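Positions are given from 1, in the same order as the sequence printed here. Because the structure is predicted, anything quoted here is derived from the model rather than measured.
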Amino acid sequence: MVLVLLPGRNRGLATMDDDLELLGSGVDPIAEQFDTYEEYLDKQITAADIFYLEDVSLARQLVELGYHGNGEVIRREEFAQRKQAAEELQLARLNTKAKRLASAGKKFDGLPVLQALQQREESVRNGKLTTIIFIRDKNAKGQEISGYIDYGHRQAASAITASSCSDGLAHET
């Protein structure tokens, strides 16, 4: 039997759910920086605007309509959507529980394949490393059978442990 572990670095490909992830933290900077839409508009108003217009609400209207400001201005509805998405993201982060590693507290002495998987488990789960397992064996008729296992996908689907393990082969539980 031949077993090859092929490591690779995660390329960090973006998905459709990542449109609001403009910072490394995954939070929209506008939604994080400003509590209200008026604060967002006020940030784009200068002291000269207040001096000449003599009215903060008029200055806000000019910024909101796009006649004045520091670049492209988002609409009130878009600000509310970004704010809601940021709040949902924070709630999701608070509600996620740290999953226990399947190999935590287990010793795989004499099982080099399981030791290699144990070393990679946390990095694969966090998305920092991708591992493809290539298995090649011969059946009782002498025919070669081979296959690939995406270790990250298998971690999500079920745990691979040394229980019911014979001849150094891993079985699913």
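- Counting heavy atoms from C-beta on, the side chains of T131 and D150 never come closer than 4.5 Å.
- Hydrophobic cluster membership for F79: I30, F34, Y37, Y40, L41, I45, I50, V56, V63, V73, I74 (Ile, Leu, Val, Met, Phe, Trp, Tyr linked by side-chain heavy atoms under 4.5 Å, directly or transitively).
- Residues R136 and I145 are not in side-chain contact: their nearest non-hydrogen atoms beyond the backbone lie 4.5 Å or more apart.
- Judged by distance alone, the side chain of E64 and the main-chain N or O of R75 form no donor-acceptor pair under 3.5 Å.
- One distance of note links CG of D137 with CD of Q143; it measures 12.0 Å at 0.5 Å rounding.
- A donor-acceptor distance shorter than 3.5 angstrom exists from the side chain of E39 to the backbone of D35, with no hydrogens or angles considered.
- Residue R82 holds its CZ atom at 13.0 Å from CD of E77, rounded to the nearest 0.5 Å.
- Put simply, the side chain of I135 reaches to within 4.5 Å of the side chain of I149, judged on heavy atoms.
- Contact check for E144 versus N139: no side-chain heavy atoms found under the 4.5 Å cut-off.
- Separating the CD atom in Q118 from the CZ atom in F108 is a distance of 5.0 Å, to the nearest 0.5 Å.
- In this structure, the salt bridge (Lys or Arg N to Asp or Glu O under 4.0 Å) partners of E38, at least two apart in sequence or on a different chain, are R76.
- The distance from the OG1 atom of T130 to the CZ atom of R120 is 10.5 Å, given to the nearest 0.5 Å.
- Heavy atoms only, all atoms of each residue included: A31 and K83 are closest at O-NZ, 2.6 Å.
- Partners of E122 under the side chain to side chain contact (heavy atoms under 4.5 Å, CB included) rule, at least two apart in sequence or in another chain, are L101, N126.
- Atom-to-atom distance recorded for I133:CD1 and Y151:OH is 7.0 Å, nearest 0.5 angstrom.
- Cluster membership check: Y52 does not share its hydrophobic cluster with L58, using side-chain heavy-atom separations under 4.5 Å among Ile, Leu, Val, Met, Phe, Trp and Tyr.
- The side chain to side chain donor-acceptor pair (under 3.5 Å) with R60 is formed by just one residue from the set D42, D49, D55; it is D42.
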